[in-house]
Undergrad: 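Take this structure first; my questions come after.
Keep in mind that this is a model prediction, so the values were computed, not measured.
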Amino acid sequence: MIGGRAARLVLLAASAVAGLAAFAGCTASIATPRPGPISVVATTTVFADLVANVGGDRVTVTSLVPANGDVHTFAARPSDMRAVAGARLLVMNGLGLDDWLQGTLANAAAPGTPILRLGENLPGVQLIVGLDATVPNPHLWLDVAYARLYVDRIAAALSAVDPTHAADYQAGHDAYDARLTALDAAVRSRLAAIPEANRKVVMFHDAFPYFGRAYGLTIVGVAVAAPGQDPSAGYTAQLIDAIRQAGAKAIFSERQFPTRLVDQLSSETGVRVVADLYDDTLGDPPVTSYVALIDWDVQRIAEALGS
């Protein structure tokens, strides 16, 4: 019989295998111990923070998209190529969010450098399709229960790259997972206190469906199909009608996006705008960690909806 802790490690390793993919043409090899912390490159500050919490002082983490940046419109710089070249692990979400990592950036990596795709083929996850019904929505981590699955994969991937310190990564995982478990319970409690009739909202773009499903929000619509793509006049008119008919209580946008479109929706409907949420990126203090991001968003949403 496998002991409980050993069984946990086996399950984490199996999960990581589902999310790890070596670069095309590279041959898998057994990790060779190297001195010093593991260099990890993540596509966003959110994923970098998850890695840092699991890895502690055993890792140094670089985010390609900077704080307050936009993962959807990211363009690589020479410094990003150098960071990728020195990485022993690359971390991305997948599901179309940050596929720009593949190609030129991926080709800069050392042969055999693994890529951890956090959001793909997660066991037990029910994907939500996006506005394009053939493409799954990638923003799984805004459901804290799914972020915990990301953390499982990160711990297993770090242990695979640096097996000498696997116990340290497991300890980091366990401590952080306990924080996320408490966070998830706190979010559910805070938003459950809002009357159900008040939990009808509009979002700037399609980033919050997993959050809404997990925590009981009804998303009436989104202002844009994707950041950087202005909607047609007809689409906006239909959304205004939907807001009025549903009795939406607030229109939310993220800090990194301009407010022109949500301000227009507000002027047409009289619905309040809150334009400083976070989803794909961390930002200025106090939103400098994933836990702080969720805390901030929940506080702003609850205040706007009357809790």
Side-chain angles (χ1 to χ4, degrees), residues 9-10 12-66 69 71 74-122 138 140-141 147 149-170 172-173 176 280-281 290:
L9 286 170
V10 169
L12 290 178
S15 177
V17 166
L20 279 166
F23 290 107
C26 294
T27 303
S29 59
I30 298 174
T32 302
R34 302 183 199 174
I38 301 301
S39 177
V40 181
V41 170
T43 51
T44 76
T45 49
V46 172
F47 308 145
D49 182 64
L50 300 183
V51 173
N53 273 280
V54 173
D57 60 9
R58 294 293 181 190
V59 300
T60 58
V61 192
T62 300
S63 173
L64 296 175
V65 180
V71 66
F74 173 77
R77 304 153 297 181
S79 60
D80 299 320
M81 304 290 283
R82 292 191 293 270
V84 168
R88 292 181 61 186
L89 176 66
L90 301 176
V91 178
M92 63 185 291
N93 188 77
L95 300 177
L97 179 81
D98 45 12
D99 286 353
W100 42 257
L101 177 63
Q102 302 168 123
T104 302
L105 272 174
N107 290 337
T113 304
I115 302 178
L116 176 61
R117 293 174 171 85
L118 293 169
E120 296 183 359
N121 303 309
L122 275 175
L140 292 164
W141 67 92
L149 298 180
Y150 281 24
V151 168
D152 287 352
R153 282 191 163 175
I154 289 166
L158 290 173
S159 295
V161 171
D162 181 24
T164 302
H165 298 110
D168 295 326
Y169 301 128
Q170 183 63 41
H173 165 277
Y176 191 45
D280 300 326
T281 180
Y290 171 74

Undergrad: Is there a side-chain contact between Val40 and Thr62 in this structure, where contact means two heavy atoms from C-beta onward sitting under 4.5 Å apart?
TA: no

Undergrad: Which pair of non-hydrogen atoms, one from Arg117 and one from Arg153, has the smallest distance, and what is that distance?
TA: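 Distance-wise, the nearest heavy atoms are O-NH1, 3.0 Å.
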
Undergrad: Any donor-acceptor pair under 3.5 Å linking the side chain of Glu120 with the backbone of Leu95?
TA: yes

Undergrad: Can you give me the closest heavy-atom contact between Gly94 and Asp98, atom names plus distance?
TA: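 For Gly94 versus Asp98, the nearest heavy atoms are N-OD1, 2.9 Å.
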
Undergrad: I would like to know whether Leu105 and Leu64 meet side chain to side chain contact (heavy atoms under 4.5 Å, CB included); could you show each step before the answer?
TA: CA-CA 10 Å; Leu105 272 174; Leu64 296 175; 4.1 Å; yes

Undergrad: Can you find a pair of side-chain heavy atoms, one from Leu116 and one from Leu90, that are under 4.5 Å apart?
TA: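 SC-SC contact between Leu116 and Leu90 ruled out.
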
Undergrad: Any non-hydrogen side-chain atom of Val151 less than 4.5 Å from a side-chain atom of Val54?
TA: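 Yes - at least one pair of side-chain heavy atoms lies under 4.5 Å apart.
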
Undergrad: Looking at Trp141 versus Tyr290, is the centre-to-centre ring distance below 6.0 Å?
TA: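 When the ring centroids of Trp141 and Tyr290 are compared, they turn out to be at least 6.0 Å apart.
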
Undergrad: Using a 4.5 Å cut-off on heavy atoms from C-beta on, say whether the side chain of Ile154 contacts that of His173.
TA: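 Sidechains of Ile154 and His173: no contact.
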
Undergrad: Looking only at heavy atoms, which two atoms of Gly119 and Leu140 are closest? And how far apart?
TA: O-CD1, 3.4 Å

Undergrad: Tell me whether Asp162 contacts the main-chain N or O of Leu158 through its side chain, where contact means a donor paired with an acceptor under 3.5 Å.
TA: no

Undergrad: Is there side-chain contact between Trp100 and Val65, with heavy atoms separated by less than 4.5 Å?
TA: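 Side chain of Trp100 against side chain of Val65, heavy atoms only: contact under 4.5 Å found.
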
Undergrad: Is Met92 close to Leu97 at the side-chain level, that is, under 4.5 Å between some pair of heavy atoms?
TA: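 When only atoms from C-beta onward are counted, Met92 and Leu97 do not touch, as no gap falls below 4.5 Å.
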
Undergrad: For Asn107 and Gly103, indicate whether the former's side chain and the latter's backbone hold a donor-acceptor pair under 3.5 Å.
TA: yes

Undergrad: Taking all non-hydrogen atoms of both residues into account, name the closest pair between Thr281 and Pro66 and its distance.
TA: OG1-O, 3.6 Å

Undergrad: Looking only at heavy atoms, which two atoms of Arg88 and Val161 are closest? And how far apart?
TA: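 Minimum heavy-atom separation between Arg88 and Val161: NH2-O, 3.2 Å.
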
Undergrad: Considering all heavy atoms of both residues, which atom of Pro163 and which atom of Ala160 are nearest to each other, and what is their separation?
TA: CD-O, 3.7 Å

Undergrad: Check for a donor-acceptor pair, side chain of Ser159 on one end and backbone N or O of Ala155 on the other, with a separation under 3.5 Å.
TA: yes

Undergrad: When you compare the side chain of Phe47 with that of Thr44, does any pair of heavy atoms fall below 4.5 Å?
TA: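 Side chain of Thr44 against side chain of Phe47, heavy atoms only: contact under 4.5 Å found.
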
Undergrad: Does Ser63 use its side chain to pair, donor to acceptor, with the backbone of Thr45 at less than 3.5 Å?
TA: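 Yes: the side chain of Ser63 pairs with the backbone of Thr45.
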
Undergrad: If you round to the nearest 0.5 Å, how far is CG of Asn93 from CG of Leu101?
TA: 11.5 Å

Undergrad: Below 4.5 Å, heavy atoms only, C-beta onward: do Thr60 and Pro37 meet side chain to side chain?
TA: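 A side-chain contact exists here, since the closest heavy-atom pair is under 4.5 Å.
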
Undergrad: What distance do Leu118 atom CG and Tyr150 atom OH have between them, rounded to the nearest 0.5 Å?
TA: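 If I round to the nearest 0.5 Å, the distance is 6.0 Å.
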
Undergrad: Is the side chain of Asp80 donor-acceptor paired with the backbone N or O of Arg77 at a distance under 3.5 Å, no angle test?
TA: yes

